[in-house]
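Some notes on the structure that comes next.
A note on names: the letters A, B, ... follow the listed sequences, proteins ahead of strands, and every chain is numbered from 1.
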2 protein chains.
Amino acid sequence: MEKRATIKDVAEAAGVGVATVSRVLSGGSASPSTRERVLAVAAQLDYRPSALGRNLRQRRTGGMGLLVPDLTDTFYGQLAEGVLACARSAGEPVVLGSTGDDPEQEADLIGMLLEQSVDRLIAVPSGDAETWSPAIRAGMTVIFADRLPAQSPADDPAASALTDLMLMDGLAAAPPSRPQSQAQPRPLDVPSVLADDRAGIRTAVRYLRGLGHRRIAFLGGPGQQRRVAAFREAVGAPVDEELVVFGTGSRDSAYAAASGLFQSRPDLSAVVAGGNVLGEAAVLAARELDLRVPKDVSLVMYDDVPWAELCSPPLTVIAQPGRDMGYRAAELVLRSGGRRPRSVVLPTELIIRGSCGPHR
Amino acid sequence: MEKRATIKDVAEAAGVGVATVSRVLSGGSASPSTRERVLAVAAQLDYRPSALGRNLRQRRTGGMGLLVPDLTDTFYGQLAEGVLACARSAGEPVVLGSTGDDPEQEADLIGMLLEQSVDRLIAVPSGDAETWSPAIRAGMTVIFADRLPAQSPADDPAASALTDLMLMDGLAAAPPSRPQSQAQPRPLDVPSVLADDRAGIRTAVRYLRGLGHRRIAFLGGPGQQRRVAAFREAVGAPVDEELVVFGTGSRDSAYAAASGLFQSRPDLSAVVAGGNVLGEAAVLAARELDLRVPKDVSLVMYDDVPWAELCSPPLTVIAQPGRDMGYRAAELVLRSGGRRPRSVVLPTELIIRGSCGPHR
DNA sequence: TTGAAAGCGCTAACAA
DNA sequence: TTGTTAGCGCTTTCAA
């Protein structure tokens, strides 16, 4: 274990001042001869600038934070791969945290990132505006991916419907022109990279409708307000509320929700699962109850994951570009020179395989 | 965006020196009254010590690095979740990198971690001893998870067989008592957290044997030397080398390998896939070639992933505790106060579902 | 038990 | 174009 060379060592060996070394290495101005000499000495000493000194001086850690709910969910794995790919090509470190869809853990992780002075963050948020305000107030550049923080539940239903629609389009919901109540925090003004959930869900519902399905259920998970809203919109009023159920994010709870749904409403003929973990649960629950797919029940799942093709029948899915999402988010957060990046909405695609059939 | 309080602010407000604040906050000695006052002021100012200052002073970044081949591989997702869970409970940051099973990218990421002065690292290695020597020389505490670096290919076959067996048991291969050649780097002396591949593979092969299978193939991926060696050992000499094939880690190459295997050797009756991506490929390739599982071909897959149950038939698997592996590795690397942690081998379990049948 | 002071390695302001 | 210098926020001697 040898000691690493410091900028001072290089400066001495090259017979220049430390500032010159710093300049040369960060592309500042220097005479060609000096530059060459410094570079040679640096290579010779195998000098690598320490991020520690730079970080302290600049009062910020380079790179970015990444917060996802669960890495065993393949979609978040894809998203993370996208972020990492972009960060790697920029040579930037990524500090990762997994929130388990728990706002408290999320808050803890945000605190940890603040302590590290990580000032750029990509997050699939679990908490609400209150959870996120410390990060915002500290001046972090935050980008939400895949979803937006839950609105305050105190929101009145009418306004909430409106907000949901705005959220569906990925517009960072600047408050609609109605009197602001003091009590509830205003929606966060944070850019995001989202899939076009509205179109994705609409396409799926129309497809099922076209197959003759009328009782279509939605199996949702945490943070899927936008997808549910899109679902409600797509099926149109009146919505059969019993057909809209939620799990909490764990596989067990997803299974329980799916199973409960099938048992309480044997008359449903199709279900849209809001994510791959939910789709997994739906397949399992259907099998357990001897419901055949697609004969007894048709299934469309959000997320195209490799195993969707392995199921029999292979699953019809709403594909969203998880990897691209991550990559784009990382690009935005890296290129943002303090300026607020703009939001991005990426397209979804209905991939028809074998899990949907005509209504019997 | 408000400015954060520094230790100096706290010291002034409490009417003490900065050293005292530092001591109190890191549990050093101080009179009860002083301690109380400092704590109160710190809370009052919402003071959070900056990791930046501490890191520079201590010439090391806290937390740990984590290098995995691919986060869309569910097993590595599980492993990462384990690491993150442990790190979170310790309040430590995790810097993540994905290597794509490419030694060059791995080397770049190691360089990045060195630059960040991250001195603790958990890695699923892709490169060999040469790739890893910079990290070791820099004094990083490294722990390998899931597998060990490839031995130098120059290793002579006999010695290599011996080494493989030692590796199989997770013994950090201290060089056997034979003359060291100067040319090849000696095996790394790095602790590891591994699954008991030898037992896992042996159990699977015996199970298949018991079902009457004689032509059993192994479908491997990068870094699976230990599993192949275990396979060779389990089937016993002479090994039909055509039945041992490899993909490079990408899904495409895994599929190509599986498909090639089935086509070139239609006489095989069972295959052991060395990982879930390979198992996925085997299922796909079998289906494409109209081979029915388990009627035409029996399949055992390494890794128990949620979708293994969704396949039809559900896949018989060799389960290894991915999450535990990550957790244990993180514990080891965190508790290692500079001392070299010892290695750990975790048990595997053959979970019999429906993808294996009697030899026709 | 406490405080003063010396840096950790780097960048940026300022002078030359 | 260059070098000198002053910190960034913290921990850790060393004295008091």
Which nucleotide in dT1(D), dG9(D), dC10(C) has an atom nearest any side-chain atom of S29(A): dT1(D)
Working to the nearest 0.5 Å, report the span between CG of L334(A) and CD1 of I143(A). 9.0 Å
Between D70(A) and R323(B), is there a side-chain N and carboxylate O pair less than 4.0 Å apart? no
Could you list by number each residue of residues 48-55 of chain B showing a heavy-atom separation from DNA chain D of less than 4.0 Å, or answer none if no residue does? P49(B), S50(B), G53(B), R54(B)
Any N/O pairs under 3.5 Å between the protein and nucleotides 12-16 of chain D? List them or say none.
{"unit_1": "dT12(D)", "atom_1": "O4'", "unit_2": "R57(B)", "atom_2": "NH2", "d": "3.3"}

Assess whether atom CZ of R328(A) is packed by more than 12 heavy atoms of other residues, nucleotides or ligands within 6.0 Å. no
dist L121(A):CG -> L114(A):CG (nearest 0.5 Å) comes out at 9.5 Å
So if I take residues 107-119 of chain A and measure heavy-atom distances to DNA chain D, which residues fall below 4.0 Å? none
What nucleic acid atoms does G28(B) come within less than 4.0 Å of, heavy atoms only: base, sugar-phosphate, or nothing? nothing
What is the distance from CD of E36(B) to P of dT1(C), rounded to the nearest Å? 16 Å
Separation of dG9(C) atom P from R60(A) atom CZ, nearest Å, is 21 Å
Rounded to whole Å, CD1 of I7(B) lies from P of dG7(D) at a distance of 18 Å
Just how large is the angle between the end axes of the helix from dT1(C)-dA16(D) to dA16(C)-dT1(D), five pairs per end, to 10 degrees? 40°
If you look only at distance, which donor and acceptor atoms sit under 3.5 Å apart when one is on a side chain in residues 19-28 of chain A and the other is two or more places apart or in another chain?
{"unit_1": "S26(A)", "atom_1": "OG", "unit_2": "S22(A)", "atom_2": "O", "d": "2.6"}

Take atom CZ of R59(A) and atom C1' of dG9(C), then tell me their distance rounded to the nearest Å. 16 Å
T34(A) side chain N/O closer than 4.0 Å to the phosphate oxygens (OP1, OP2) of dT1(D)? no
Per L56(B) side chain, nearest of listed nucleotides dG9(D), dG3(C), dG3(D): dG9(D)
Which pairs would a plain distance check flag for residues 82-95 of chain A, meaning a side-chain donor or acceptor within less than 3.5 Å of a matching protein atom at least two apart in sequence or in another chain?
{"unit_1": "R88(A)", "atom_1": "NE", "unit_2": "S98(B)", "atom_2": "O", "d": "3.3"}
{"unit_1": "R88(A)", "atom_1": "NE", "unit_2": "Q105(B)", "atom_2": "OE1", "d": "3.2"}
{"unit_1": "R88(A)", "atom_1": "NH1", "unit_2": "Q105(B)", "atom_2": "OE1", "d": "2.9"}
{"unit_1": "R88(A)", "atom_1": "NH2", "unit_2": "S98(B)", "atom_2": "O", "d": "2.9"}
{"unit_1": "S89(A)", "atom_1": "OG", "unit_2": "C86(A)", "atom_2": "O", "d": "2.9"}
{"unit_1": "E92(A)", "atom_1": "OE1", "unit_2": "G63(A)", "atom_2": "N", "d": "3.0"}

Grab the NZ-P distance between K8(A) and dT11(C) for me, whole Å please. 16 Å
